[in-house]
Amino acid sequence: MKLGFSSVKCIQVHSLQKRISFRGEDWFSDPVDTFETSAPQVQKKKKGFSLNPIKAAQEEAREIIRRAKNQAFQITLDARFEAEKESEEYLRQQKHQARVTAQQEADRYEKSLKADIDAQIEYSRTYFETQRAELEAQNKALASELESKQKLITALNDGYIEQEIGAKKSEIMSRVSSYQIDYDYNRPIEELTGRDTCIRSDRPKTKFNEYSYIPKAKSSEVKLDIPEFVSGENWSFSIPKKTELKLSEYTPLEFTELHDQETNISMNYADSVKWNSDKISRDILQNFFDGHGQTLDGVKLSFEKQENGKYKVRIEGESQYSQEKAILLGETTKRNNSKAAGNYGEGLKVVVLKLLKEYGATDVNIASDNWNVRFQPMKSNICEKDVLSYSLLKSEPIEGNYLEFETDSEELLNSLRSAVNNFYHSSNTDFQNLDFENDSFAIKRLGEGKKGSIYIAGQKFEYMNSHNFRELGWDVLPGYTLIFKEKPDEKSDFDISRDRMILQRDNLKNLVSAAVSSDKTTQEELCTLLCMFKDSWKEKVSYFSNSPLDSMLLESIITGIAKKGIKYDFPSRYLASQKGFNNNGYDYFYEKTHTVCKPEFSAIGMKRTVEKAYEDKPQHLVKPTEIQVKKIALIKETLNCLKPSIRRADPRYYGKELNPNIYIFEKSDVFSGEHRADGFWISSEEMTQSFDKVLSTVLHEISHDHGGDGSEEFTYTLTNMLQAIINATLKDEETLITLRALKACWEDLRTQEIEEYRKSLQ
């Protein structure tokens with residue numbers, strides 16, 4: 001068999017060597033070298049050398065394999081060359097595509113940058129054009145104002161042109177001469193002054209003792225030391241019993257055991273009751289509180305850690321009651337007990353629902369005497385819904401009662417611990433060192449910066465403090481603890497519901513006035529209460545301020561006394577303020593010699609400042625003379641001239657305030673003017689004063705439309721009005737000339753009035 005070595009092409013590839021294994025023999029050779037060295041041996045065999053046929057076949061097979069490998073190697077090299085060519089082409093295309101993409105991105109960026117630059121240029125151009133327009137408008141306004149000021153300066157330096165003043169005076173006097181008063185001066189004095197409602201004929205009869213309250217010396221308070229609850233540990237506490245308990249009455253009942261009795265209360269009802277752990281704890285302890293005669297003395301609490309990770313809670317009391325009070329909704333003796341914290345017995349059922357559904361309890365046990373009621377959820381026989389069920393079981397007789405359940409909520413356990421001080425017990429410091437106490441209510445002063453609580457029928461209530469950003473909580477009452485010993489009666493609009501409403505300011509006022517007006521509060525105690533708040537008697541008129549709590553309590557006490565129809569004969573140095581801000585100046589005048597108190601005091605007999613003023617100096621209206629009528633007209637002309645400026649300063653002046661009725665009264669040593677609802681009074685003596693003096697009195701009285709003397713609102717109103725008038729006279733030449741003309745007219749009338757007076761003396 002010829003191998004055809006001559007057709008084999010020698011490809012010199014010196015970098016590649018392969019290890020070839022054939023029938024256990026190792027071959028290490030370069031393919032080209034192998035082919036070249038093998039040829040002489042084959043030729044040698046052809047010239048006559050005899051070879052073993054098997055070896056010859058093997059040689060031939062080896063040659064075939066070598067040739068096949070050489071061809072495969074050649075194909076592989078060709079494929080690699082082609083792959084390299086394709087790879088180079090691919091890389092070239094990729095580089096080209098990258099250059100194209102980069103160029104496109106650069107073009108887009110350049111275009112975007114150019115658009116941004118154009119937008120910035122356009123914005124800058126618009127902005128500067130706007131600024132230029134505004135500056136031009138300002139320059140124009142300033143130029144006009146400067147021109148006006150130059151004219152005014154010229155006028156001030158050179159003197160007012162007599163021709164202009166004369167023309168303005170003639171124009172004003174023509175209107176003044178024809179002016180007629182359009183309101184009736186002959187109306188009864190009572191209609192104009194309200195004097196018939198000011199002078200009181202029913203003087204108080206009960207003598208007021210202003211020294212009936214003497215602050216008590218306070219003793220040291222004994223605080224109940226309640227141990228802290230530590231997570232994972234057992235806890236127990238017994239509230240000390242310092243007095244004899246008034247246990248609720250109990251009549252044993254015969255009964256038959258009942259098992260798995262379905263109630264008509266769905267377990268989903270618990271979702272509608274928004275009670276947190278604090279309110280659940282409150283209602284749990286409330287039943288023990290009422291059972292012990294409105295005290296928690298003698299109540300025991302314990303939390304025992306269980307193997308299932310929960311705590312067994314057990315609360316024990318000394319009172320006993322029958323089983324129907326635990327089972328039946330509305331079956332309770334508390335409803336007719338005004339001092340009981342509970343009312344209809346529904347709170348206990350709500351507590352059971354919440355414990356079973358939200359606080360990990362599987363059952364709730366309530367027991368007393370020889371019975372035990374176990375509450376559990378069960379599927380209703382009526383529908384496929386969970387309802388509350390109970391089992392009434394007989395048990396070994398016990399003294400007192402208990403409530404028992406398991407819970408995994410440590411929050412509830414901490415709430416139960418804290419709730420001990422949400423009720424009266426003999427160690428509760430809120431009920432120690434009381435400043436006032438009777439059978440109806442009690443007051444404890446805590447001092448500035450301290451917070452107190454509100455108790456109704458021995459139970460603490462939440463309060464919303466609207467004067468401190470609506471602060472809400474159990475202990476937020478500023479400076480006081482208030483204790484109301486009984487629930488409000490059914491006639492009251494204040495209802496203690498199941499959810500124990502959050503008290504607000506109006507609720508507190510109603511509670512205080514109701515307690516004060518109770519038959520259990522004597523006249524001597526009422527006098528003591530008033531004196532207790534003597535530091536708050538004085539009236540502090542402020543449009544913007546809110547009354548602090550002590551002032552509110554005082555006003556509620558006065559309301560309660562007025563309900564009882566009691567009136568006191570206060571010492572003469574005390575006067576009640578005029579109701580509201582329009583107090584006619586009497587309050588301010590009498591503050592120098594008297595103690596001006598809150599206006600509510602007039603309802604319980606205190607004389608008002610306006611009554612005192614009429615007693616000291618009766619005021620009588622007089623019919624204005626012809627000259628006084630003209631002066632009244634000049635006042636109205638002046639107000640009409642200043643009207644635009646006043647209205648710009650205070651937009652509220654858009655009614656009759658700047659066109660008031662002006663009444664003249666006799667000479668007074670007390671007041672030069674007095675504000676009324678439809679205008680103001682001005683004394684006949686004041687009308688003889690200079691124009692600027694009368695104008696200041698007029699502006700003062702007009703400002704009383706928005707507040708009394710000394711009030712912030714009155715002060716701000718008058719200040720703003722004066723600022724507007726000063727601004728108008730400085731900037732507006734026409735206003736200044738008109739005012740000078742009005743002043744000249746006024747002085748002419750004053751001269752005429754003096755001449756007439758001289759003639760009357762001759």
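The basis for the numbers below is simple: all heavy atoms, side chains too, and nothing from hydrogens, waters or symmetry mates.
Between Thr521 and Lys564, the shortest heavy-atom distance links the atoms O-NZ, 3.5 Å.
Under a 3.5 Å cut-off, the side chain of Asp569 and the backbone N or O of Thr206 do not form any donor-acceptor pair.
Under the 6.0 Å cut-off for aromatic ring centres, Tyr213 and Phe436 do not qualify, their centroids lying 6.0 Å or more apart.
Look at Glu129 and Arg125 and you find a salt bridge, because one of the NZ, NE, NH1 or NH2 atoms lies within 4.0 Å of a carboxylate O, short of that distance. Salt bridge absent: Glu525 and Lys520 never bring a charged side-chain N and a carboxylate O closer than 4.0 Å.
Counting heavy atoms from C-beta on, the side chains of Phe441 and Val516 come closer than 4.5 Å. Within the 4.5 Å cutoff, side-chain heavy atoms of Met532 are placed close to those of Ile443.
Remark: Lys743 engages no residue in a salt bridge (charged side-chain N to carboxylate O under 4.0 Å, His left out) (not counting sequence neighbours). Partners of Gln723 according to the side chain to side chain contact (heavy atoms under 4.5 Å, CB included) rule, which considers only residues two or more places apart in sequence or in another chain, are Asn720. In this structure Thr738 satisfies the side chain to side chain contact (heavy atoms under 4.5 Å, CB included) test together with Lys168, Cys641, Glu734, Leu742, sequence neighbours excluded. The side chain to side chain contact (heavy atoms under 4.5 Å, CB included) test applied to Glu524 returns Thr522, not counting sequence neighbours. Residues that satisfy the side-chain hydrogen bond (donor to acceptor under 3.5 Å, both in side chains) test with Gln752, not counting sequence neighbours, are absent from this structure. Every residue meeting the side-chain hydrogen bond (donor to acceptor under 3.5 Å, both in side chains) condition with Glu753, not counting sequence neighbours, appears here in chain and number order: Lys631. By the side chain to side chain contact (heavy atoms under 4.5 Å, CB included) test, Ala562 is found to be paired with Ala603, Ile604, residues two or more places apart in sequence or in another chain being considered. By the ring pair (Phe, Tyr, Trp, His ring centres under 6.0 Å) test, Tyr574 pairs with Trp537, sequence neighbours left out. By the salt bridge (charged side-chain N to carboxylate O under 4.0 Å, His left out) test, Glu210 is found to be paired with Lys534, Arg573, residues two or more places apart in sequence or in another chain being considered. The salt bridge (charged side-chain N to carboxylate O under 4.0 Å, His left out) search around Glu448 returns none, not counting sequence neighbours. In terms of the side-chain hydrogen bond (donor to acceptor under 3.5 Å, both in side chains) criterion, Glu134 has no residue partners (sequence neighbours excluded).
By the neighbour-count criterion of 12 heavy atoms within 6.0 Å, atom CD of Glu747 is densely surrounded, having more than that number from other residues, nucleotides or ligands. Around atom CD1 of Ile214, no more than 12 heavy atoms belonging to other residues, nucleotides or ligands sit under 6.0 Å away.
Residue pairs meeting the side-chain hydrogen bond (donor to acceptor under 3.5 Å, both in side chains) criterion with at least one partner in residues 169-178, sequence neighbours excluded, are Lys169-Asp748, Glu171-Arg175, Arg175-Glu637.
For the residue pair Ser440 and Asn438, no side-chain donor N or O sits within less than 3.5 Å of a side-chain acceptor on the partner.
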